[in-house]
Amino acid sequence: MPFGTVTLNDGNEFPAIAFGTGSTMKFRDVTDYVGQAIENGFSHIDTAQHYQTETYVGLAIKESGLPRSSLYITTKYSGSGKPQQAIQQSLNKIGVSYVDLYLMHFPELFSESGWQEFEKMKKDGLTRSIGVSNFTLQDLQKLLKTAVTKPAVNQQIQFHPYNYASHRALLEYCSKQNIIVEAYGSLNSITQNPGGPVDAVVNAAAKRIGATPNQVLFSWVRSKGVAIVTTSRSKQRLQEYFAVEDLPPLTAEEIAAIDDAGAQGPPNQLVVAGLAMQHRFEKSSSLVVWLAIAIVFGFATFFML
């Protein structure tokens, strides 16, 4: 079952999961990875001026053979050149006449006249929707004081159980303003902060619904009304992420338990480092043993001289 869409405040439909070409993908040829994502059901592809992946996204789209109307393309103005020039360059690189969503990548780029340029791009049909990225509550409030057209999306805030409490006010404000939030870094408790209080409740929920911990975390994100941008080089991972929509929903109690566990904060960084070292040791124990032998032999030789 494909991920659903949400209706933006301008009436356009927005796929609730995107394949991102930032993070570890940026500054490299991502043609094959974008193509793989499209083959496995991702219709929403996310790129940015800063990532330097727009050309490769365009190649993957062309190679897919799919009609433009079946794909949703997001790109971002990252500050190089004027916005009007930048979007034309992005369109040329991707090989399309319009993008579905054009974002102001960082709040430092905001100015009243700059947002007016974004509004004009939408009016001129260069982009169907406009939005912002990484904006805080205060950044959004400042923009909305003068905006004629509201941002449709505040995309790519890092969002996971360990920072949910700090983002709650932003989520509530965006909900009231009918602005969609999209999250990256939602697997933080697995990839960056393993061994913390979130692990046990996520694992329990995963066992109940026959899911992976990754899938439970994405289900939790969706329960907050937040869309997802994710990435992987693995076909199996992409299929795992996409299958979230086929799983039974989390219960209210499970969602609350993840909230409460996240509010306790991530594990001590020394614990995280220890787990990482343990993992590396398990993967390369023989190498470590030989290295230790070499060190001991070196000291012995030194003292015998």
Side-chain angles (χ1 to χ4, degrees), residues 1-6 14-20 23 36-37 40-44 156-172 174-175 180-269 271-276 278-279 282-283:
M1 176 180 173
F3 253 74
T5 63
V6 293
F14 178 81
I17 190 168
F19 179 81
S23 184
Q36 179 175 253
N40 283 277
F42 283 79
S43 62
H44 183 177
Q156 292 192 358
I157 64 165
Q158 189 178 72
F159 180 71
H160 50 77
Y162 289 128
N163 71 3
Y164 168 57
S166 66
H167 280 317
R168 188 172 297 185
L170 174 63
L171 295 180
E172 291 174 355
C174 286
S175 178
I180 294 297
V181 175
E182 189 171 11
Y184 74 91
S186 299
L187 303 180
N188 175 281
S189 61
I190 293 173
T191 61
Q192 302 297 320
N193 284 295
V198 167
D199 289 11
V201 290
V202 165
N203 291 339
K207 183 177 181 180
R208 183 188 69 81
I209 64 176
T212 67
N214 290 339
Q215 290 173 324
V216 169
L217 287 167
F218 279 161
S219 293
W220 174 84
V221 171
R222 297 295 295 125
S223 77
K224 303 302 181 184
V226 175
I228 297 164
V229 61
T230 189
T231 194
S232 179
R233 292 173 172 79
S234 164
K235 176 181 177 179
Q236 289 70 32
R237 284 285 187 216
L238 297 178
Q239 292 172 340
E240 174 190 350
Y241 300 159
F242 216 66
V244 167
E245 290 288 275
D246 296 324
L247 296 170
L250 299 177
T251 65
E253 292 76 16
E254 286 168 336
I255 294 168
I258 294 172
D259 293 352
D260 292 342
Q264 296 176 42
N268 184 288
Q269 290 304 306
V271 174
V272 174
L275 287 170
Q278 178 183 348
H279 177 65
E282 290 170 351
K283 289 183 68 176

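Just so you know, residue 1 is the first one in the sequence shown, and it goes up from there.
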Atom of Glu182, atom of Ala18 and distance for their closest heavy-atom approach: OE2-CB, 3.5 Å

About how many Å separate CD1 of Ile228 and OG of Ser219, when rounded to the nearest 0.5 Å? 8.0 Å

Over all heavy atoms of both residues, which pair between Leu217 and Ser189 is shortest? Give the atoms and the distance, please. CD1-OG, 3.5 Å

Is the His167 ring parallel, tilted or perpendicular to the Phe159 ring (thresholds 30°, 60°)? tilted

Looking only at heavy atoms, which two atoms of Pro197 and Gln264 are closest? And how far apart? CB-OE1, 3.6 Å

Find the distance between CZ (Phe14) and NE2 (His44) and round it off to the nearest 0.5 Å. 4.5 Å

Supply the atom-to-atom distance Leu247 CG to Arg208 CZ, rounded to the nearest 0.5 angstrom. 10.0 Å

For residues Phe19 and Val229, report the shortest heavy-atom separation together with the two atoms involved. C-CG2, 4.5 Å

To the nearest 0.5 angstrom, please state how far the CD atom of Gln215 sits from the CZ atom of Phe242. 13.0 Å

Specify the closest pair of heavy atoms between Val226 and Ala183, including all atoms of both residues, with the distance to one decimal. CG1-CB, 3.6 Å

Give, for atom CG of Asp199 and atom CD1 of Ile258, the distance between the pair rounded to the nearest 0.5 Å. 11.0 Å

Contact summary for Gly265 and Tyr162, nearest pair of heavy atoms: O-CE2, 3.2 Å

Spell out, as yes or no, whether a donor-acceptor pair under 3.5 Å connects the side chain of Ser223 to the backbone of Trp220. yes

Checking Lys224 against Tyr164: charged group under 6.0 Å from the ring centre and within 45 degrees of the axis? yes

Heavy-atom check, side chain of Ile209 versus side chain of Pro248, under 4.5 Å: yes

Side chains of Glu240 and Asn214: any donor to acceptor distance under 3.5 Å? yes

Before giving the answer on side chain to side chain contact (heavy atoms under 4.5 Å, CB included), spell out for Tyr241 and Ser232 the whole-Å C-alpha distance, their side-chain angles and the decisive distance to 0.1 Å. CA-CA 10 Å; Tyr241 300 159; Ser232 179; 4.2 Å; yes

Flag, side chain of Gln36 to backbone of Arg233, donor-acceptor distance under 3.5 Å: yes

Rounded to the nearest 0.5 angstrom, the OG1-CG distance for Thr212 and Asn203 is 10.0 Å

